[in-house]
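A short write-up of the structure that comes next.
Predicted, not measured: the structure shown is a model, and the values here were computed from it. Quick note: numbers below take in every heavy atom, side chains included, and nothing from hydrogens, waters or symmetry partners. Residue numbers start from 1 in every chain, and the chains themselves are labelled A, B, ... in the order their sequence lines are given, proteins ahead of strands.
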There are 2 protein chains.
Amino acid sequence: MPQAPAAQAGRKPSRIQLRNRKRILEAALEVFSTHGYRGATLDQIAAEAGLSKPNILYYFDGKEEIHVTLLNQLLDAWLAPLHAIDPAGDPLDEILTYVRRKLAMSRDLPRESRLFANEILQGAPRMGPHLESVLKPLVDQTSMIIQGWIAAGRLSPVDPRHLLFSIWATTQHYADFEAQVGVLMGEVDVHAGASAHLEAMFGRLLRPNAAMG
Amino acid sequence: MPQAPAAQAGRKPSRIQLRNRKRILEAALEVFSTHGYRGATLDQIAAEAGLSKPNILYYFDGKEEIHVTLLNQLLDAWLAPLHAIDPAGDPLDEILTYVRRKLAMSRDLPRESRLFANEILQGAPRMGPHLESVLKPLVDQTSMIIQGWIAAGRLSPVDPRHLLFSIWATTQHYADFEAQVGVLMGEVDVHAGASAHLEAMFGRLLRPNAAMG
DNA sequence: TCGCTTTTTTACCATTTGGTAAACTTACGA
DNA sequence: TCGTAAGTTTACCAAATGGTAAAAAAGCGA
């Protein structure tokens with residue numbers, strides 16, 4: 001049976017395959033992130049990728065597979081900064097570094113942020129299981145680390161999960177709500193201001209009350 | 001020329017008209033907020049409203065008009081808490097009250113929050129002008145108030161706009177990313193935790209360094 | 001109750017869209 | 001260079017979808 005590279009797990013992909021799959025995913029990221037899953041069409045993705053629609057379906061089994069591929073691929077990159085938190089490091093420094101990294105990602109990878117936001121907004125229909133199996137354990141683990149720091153008096157007491165929500169919300173806001181931020185901020189260097197603001201905010205929240213005894 | 005209540009501005013609406021337009025908007029809010037503009041279909045809205053599709057188009061000129069009506073209607077309600085900030089009040093109290101109100105809105109009106117998020121995520125294609133003409137002036141004005149408080153030493157110095165972004169981001173996160181929050185928090189009372197966390201966070205950020213001379 | 005207006009339904013339509021079949025072309029190892 | 005497999009295109013399809021025409025069915029003031 002010849003012909004069938006759509007989702008074959010067996011053979012190793014050819015050069016052309018590698019190149020075209022990458023092109024398609026890049027185009028799909030652009031289109032999905034701006035229009036959402038339903039709002040994106042295969043024709044748009046095809047045009048953006050410079051390929052014909054049937055050709056796209058030669059590499060992926062369908063619209064949904066492209067979307068899911070993108071999403072799962074994204075989640076790993078998305079969680080990398082969280083993995084990078086070092087329990088042995090300085091608590092405040094670890095968390096502020098995390099904030100900085102997340103903010104940088106919002107600036108450098110806004111489409112990824114919006115793709116993710118779109119998916120969650122609609123109830124994570126194509127990602128629910130992944131969140132449960134990948135995100136949740138990591139968050140539980142990170143929460144434990146933060147709890148440990150708090151117990152050791154090295155961090156002001158906060159709910160670790162709500163802290164993470166705050167960090168995600170504030171950093172991703174600059175990507176996800178860019179249209180609104182743009183209207184309100186004009187030409188100003190948004191990133192610099194955001195960086196200073198968030199560092200001050202999380203710094204004050206987390207820095208333990210110096211003395212105390 | 002009989003028949004034409006779609007968007008007539010002249011006549012005063014009948015009882016039936018009032019009831020059905022309300023039904024349609026309620027149904028549309030439900031559908032648009034979960035599937036986005038493009039993801040929503042008139043058939044879904046019709047089913048949800050308990051009316052036939054042509055009947056819906058008897059009350060509104062088209063899908064887009066329903067969406068825009070909803071959006072503009074929403075923005076007013078959305079900005080009410082911002083209007084409620086009193087320049088003569090206690091700065092910290094005014095802002096924390098604002099945070100509390102926004103958080104309550106996320107809890108009580110999550111669909112509205114998601115509808116708005118969807119629109120902004122996609123670049124505010126149907127709302128851009130409104131943001132410029134309604135939101136921007138109000139934000140500028142509020143920023144002036146906050147600046148005044150800071151200048152008077154009654155509030156720790158922060159960039160008013162980034163402060164507002166932080167408040168919007170953190171409070172709306174609980175509605176917009178509910179699917180994710182649900183996975184990570186389980187059965188816990190999310191609102192209570194969020195409320196405590198956000199009050200602590202913005203309290204610490206904004207409370208001026210007590211003495212100083 | 002009559003007659004006119006408002007409201008609702010039935011029957012369609014044109015377009016868009018995800019997807020397929022099969023022919024055609026290109027790449028590449030032997 | 002030749003044959004086979006990989007890759008691409010052309011020509012379609014069926015379903016979904018936003019929207020319309022026109023007739024039928026309420027409402028309602030006189």
Side-chain angles (χ1 to χ4, degrees), chain A residues 1-25 27-28 30-32 34-71 122 125-126, chain B residues 1-25 27-28 30-32 34-70 125-126:
Chain A
M1 55 176 81
Q3 183 257 98
Q8 29 73 295
R11 290 267 157 276
K12 59 184 167 186
S14 74
R15 221 178 322 156
I16 294 179
Q17 228 165 112
L18 244 37
R19 169 171 54 83
N20 282 354
R21 285 183 69 100
K22 190 174 292 182
R23 272 193 196 173
I24 293 170
L25 288 174
E30 182 69 31
V31 178
F32 279 134
T34 6
H35 302 285
Y37 178 74
R38 191 93 186 321
T41 73
L42 285 179
D43 286 302
Q44 276 175 290
I45 296 174
E48 183 82 24
L51 297 172
S52 67
K53 183 167 63 174
N55 203 5
I56 290 213
L57 292 166
Y58 173 73
Y59 289 103
F60 289 90
D61 272 340
K63 186 183 178 181
E64 183 158 346
E65 201 201 280
I66 302 179
H67 194 243
V68 170
T69 301
L70 223 40
L71 238 29
Q122 314 199 342
R126 278 167 278 277
Chain B
M1 55 175 79
Q3 184 255 103
Q8 28 76 296
R11 288 267 157 277
K12 57 183 167 188
S14 74
R15 219 178 323 157
I16 293 179
Q17 227 165 113
L18 243 37
R19 169 171 54 81
N20 283 354
R21 284 182 72 100
K22 189 174 293 183
R23 271 192 197 173
I24 293 170
L25 288 175
E30 182 70 30
V31 178
F32 279 133
T34 10
H35 302 284
Y37 178 74
R38 192 94 188 316
T41 73
L42 285 179
D43 288 301
Q44 277 175 291
I45 296 174
E48 183 81 24
L51 297 172
S52 68
K53 182 167 60 175
N55 202 5
I56 289 211
L57 292 166
Y58 171 75
Y59 290 103
F60 289 90
D61 271 341
K63 186 182 177 180
E64 184 158 345
E65 200 202 280
I66 303 179
H67 194 242
V68 170
T69 301
L70 222 40
R126 277 166 279 276

Hey, does the side chain of A/Gln17 come within less than 4.0 Å of D/dA6's phosphate (OP1/OP2), counting only N and O?
-> no
Starting from P on C/dT8, measure out to CZ on B/Arg21 and report it in whole angstrom.
-> 13 Å
Output for pair (A/Ile45 CD1, A/Ile66 CD1), nearest 0.5 Å, gives 5.0 Å
B/Arg38, nearest nucleotide to its side chain (from C/dT16, D/dT17, D/dG19) = C/dT16
Is B/Tyr58 near enough to C/dT9 that one of its side-chain N or O atoms lies under 4.0 angstrom from OP1 or OP2?
-> no
Could you state the interatomic distance from OH (B/Tyr37) to CG (B/Leu70), rounded to the nearest 0.5 Å?
-> 12.0 Å
Starting at CG of B/Leu42, measure out to CG of B/Leu57 and round the result to the nearest 0.5 Å.
-> 5.5 Å
Rounded off to whole Å, could you give me the CD-to-P distance for the A/Glu65 and C/dG19 pair?
-> 10 Å
Find the distance between OH (B/Tyr58) and CD1 (B/Ile24) and round it off to the nearest 0.5 Å.
-> 11.0 Å
Should the pair B/Lys63 and B/Phe32 be classed as cation-pi, given the thresholds of under 6.0 Å to the six-membered ring centre and 45° from the axis?
-> no
Would a 4.5 Å heavy-atom cut-off, applied to side chains only, mark B/Thr41 and B/Lys53 as touching?
-> no
Mind grabbing the angle between the end helix axes of the helix from C/dT1-D/dA30 to C/dA30-D/dT1? Five pairs an end, 10° rounding.
-> 20°
Short side-chain donor-acceptor distance under 3.5 Å, B/His67 and B/Arg126 | yes
Report yes if some heavy atom in the side chain of B/His35 is under 4.5 Å from a heavy atom in the side chain of B/Gln44; otherwise report no.
-> yes
Tell me what A/Ala46 touches on the nucleic acid: a base, only sugar-phosphate, or nothing, going by heavy atoms under 4.0 Å.
-> nothing
Rounded to whole angstrom units, what separation is found between the CD atom of A/Glu64 and the C1' atom of C/dT17?
-> 15 Å
A/Leu18 CG to D/dG7 C1', in whole Å, measures 15 Å
Just the table, please: protein N/O against nucleotides 9-14 of chain D N/O, every pair under 3.5 Å.
residue: D/dT9; atom: OP2; partner: A/Ser52; partner atom: OG; Å: 3.3

Give the rounded distance in Å between these two atoms: CD1 of A/Ile24 and P of C/dG19.
-> 13 Å
Separation between CG of A/Asn20 and CG of A/Leu25, rounded to the nearest 0.5 Å = 11.0 Å
If you check the A/Lys63 side chain, which of D/dG19, C/dG19, C/dT17 turns out closest?
-> C/dG19
d(CD1, A/Ile66; P, C/dG18) in whole Å | 10 Å
Nearest-angstrom distance from the residue atom CG of B/Leu42 to C1' of D/dG18 = 6 Å
Look only at the side chain of A/Arg21 and the backbone of A/Tyr59, and say whether a donor-acceptor pair between them is shorter than 3.5 Å.
-> yes
Is any side-chain nitrogen or oxygen of B/Asn20 closer than 4.0 Å to OP1 or OP2 of C/dT6?
-> no
Taking D/dT20, D/dG18, C/dT17 as options, the one with an atom nearest any side-chain atom of A/Thr41 is C/dT17
To the nearest Å, how far apart are A/Phe60 CZ and D/dG7 P?
-> 13 Å
